[in-house]
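These notes concern the structure reproduced below.
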Amino acid sequence: MATEFEMHHHVKYYECDTSGHPTLAMIVAMLILASEADNKENGVGLKRAGQYGGGWVIINYEGTLAEKQPVKGEEVILGTRVRAYNRFFVIRDFWVKDLAGNYYAKVSGTFVFMNLAKRKIMTIPQEMIDTFQMDETKRLPRRLEKPSLPEDQAGWAKRDYRVRYFDIDGNQHVNNAHYFEWMMDVLDGDFLRTHQVVKMQTEFAHEVRYGQTVMSTGSTPVEKEGLMVTHHQITCQGQESARATFYWQPRN
């Protein structure tokens with residue numbers, strides 16, 4: 001297994017909602033910050049990836065979040081490591097923990113390397129692979145759990161969003177953290193104020209680019225095995241761009 005990478009981070013006020021805790025979108029942004037710092041330290045950051053005409057793209061996440069979450073101004077530790085890889089896929093583990101080593105979040109994600117000109121997946125350059133300092137995984141671990149959507153979506157909340165210039169990242173498409181904002185924004189404000197995500201499953205299918213309009217749809221929260229569950233889908237021009245299932249519990 002590859003070497004673990006960790007870095008310290010102070011939770012900023014703009015990463016938090018009215019509860020004083022980071023939003024799920026900002027937690028995801030912190031994790032990507034850690035992976036980019038890890039790549040840069042190993043000499044295969046954004047600049048080197050660009051020399052191959054490509055960039056790292058996330059295709060799914062699954063993870064759990066603790067009942068206790070960091071607060072505005074707190075210093076936390078962001079961590080990541082490559083768990084497994086082959087020529088086309090890299091599975092990374094991520095975590096957020098306090099200075100005492102207690103975990104706030106544990107997340108796994110699958111990455112691919114995308115040709116930024118052709119907008120297609122390409123094989124990962126060997127020089128990039130060599131930095132993992134581990135053997136290629138002949139058979140990757142089970143795929144991360146894919147969120148399922150109910151067939152009956154009658155009554156789901158819907159909202160359209162036009163993709164702004166500032167929603168776009170260095171890969172020339174919507175930064176994946178924005179999908180979490182679009183998904184949750186269709187839920188009732190009182191529900192968001194009184195509940196927090198403790199488990200998530202997210203999959204990204206097709207990229208969204210500047211100037212396009214997306215539709216976010218989301219189900220009404222329903223109780224399942226002691227948690228509230230919501231299902232979400234992002235579509236663009238009739239094509240699914242992302243889907244997710246979130247599991248919630250009341251905030252303390």
Are there over 12 heavy-atom neighbours, none belonging to [X], within less than 6.0 Å of that residue's [atom1]?
| X | atom1 | result |
| --- | --- | --- |
| R87 | CZ | no |
| K97 | NZ | yes |
| K40 | NZ | no |

Legend entry - Fellow cluster residues of W156, listed by chain then number, with links counted only when side-chain atoms sit under 4.5 Å apart: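 Reading the cluster by chain and number, W156 sits alongside L149.
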Quick check: does any side chain N or O of [X] sit under 3.5 Å from a backbone N or O of [Y], one acting as donor and the other as acceptor?
| X | Y | value |
| --- | --- | --- |
| D152 | A154 | yes |
| H232 | M184 | no |
| Q172 | R209 | no |
| T123 | F88 | no |
| N60 | T110 | yes |

Would you give the length of the straight line joining atom [atom1] of [X] to atom [atom2] of [Y], rounded to the nearest 0.5 angstrom?
| X | Y | atom1 | atom2 | result |
| --- | --- | --- | --- | --- |
| Y179 | T202 | OH | OG1 | 12.0 Å |
| S241 | H173 | OG | NE2 | 11.5 Å |
| K106 | K199 | NZ | NZ | 14.5 Å |
| L187 | R159 | CG | CZ | 9.5 Å |
| F180 | N175 | CZ | CG | 10.0 Å |
| Q201 | H231 | CD | NE2 | 9.0 Å |

Inset, instruction - Please answer: with hydrophobic residues joined when any side-chain heavy atoms are less than 4.5 Å apart, are V76 and F5 in the same cluster? - result: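 Same cluster.
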Legend entry - L65 reachable from Y103 in the ILVMFWY side-chain graph, under 4.5 Å edges: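 No, it is not one cluster - the side chains of Y103 and L65 are not joined through contacts under 4.5 Å.
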Legend entry - salt bridge (Lys or Arg N to Asp or Glu O under 4.0 Å) partners of E207, counting only residues at least two apart: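 Per chain and number, E207 pairs via salt bridge (Lys or Arg N to Asp or Glu O under 4.0 Å) with R119.
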Inset, instruction - Output every pair passing ring pair (Phe, Tyr, Trp, His ring centres under 6.0 Å) with a member in residues 38-60, not counting sequence neighbours, ordered by first then second residue. - result: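 For residues 38-60, and leaving out neighbouring residues, the ring pair (Phe, Tyr, Trp, His ring centres under 6.0 Å) pairs sorted by first residue read W56-F113.
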Legend entry - Non-neighbouring partners of K68 that pass side-chain contact (heavy atoms from CB on, under 4.5 Å), sequence neighbours left out: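 With sequence neighbours excluded, K68 shows a side-chain contact (heavy atoms from CB on, under 4.5 Å) to Y104, given in chain and number order.
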What are the two closest heavy atoms between [X] and [Y], and how far apart are they?
| X | Y | value |
| --- | --- | --- |
| N171 | M114 | O-CE, 4.4 Å |
| K158 | V186 | C-CG1, 4.5 Å |
| A49 | M128 | CB-CE, 3.9 Å |
| P70 | P22 | O-CD, 3.1 Å |
| N176 | I58 | ND2-CG2, 3.2 Å |

Legend entry - Between Y161 and D167, a side-chain donor and acceptor under 3.5 Å: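 Judged by distance alone, the side chains do not pair up.
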Inset, instruction - Scan side-chain atoms only and decide if H206 and Q237 contain a donor-acceptor pair under the 3.5 Å cut-off. - result: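 No, Q237 and H206 have no side-chain donor paired with an acceptor closer than 3.5 Å.
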Inset, instruction - Anything under 30° is parallel, anything over 60° is perpendicular, the rest tilted; go ahead and classify H195 against F191. - result: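 The rings of H195 and F191 lie parallel, inter-plane angle below 30°.
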Inset, instruction - Measure up the F94 and F111 rings against each other and bin them: parallel (under 30°), tilted (30 to 60°), perpendicular (over 60°). - result: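 Taking F111 first and then F94, their aromatic rings sit tilted (interplane angle of 30° to 60°).
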Inset, instruction - Sorted by first residue and then second, give each salt bridge (charged side-chain N to carboxylate O under 4.0 Å, His left out) pair with at least one member in residues 234-252; sequence neighbours left out. - result: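 Pairs touching residues 234-252 that pass the test: D17-R251, E240-R243.
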Under 3.5 Å, sequence neighbours excluded: what are the donor-acceptor pairs made by side chains of residues 29-36?
from	atom 1	to	atom 2	distance (Å)
S35	OG	I32	O	2.9

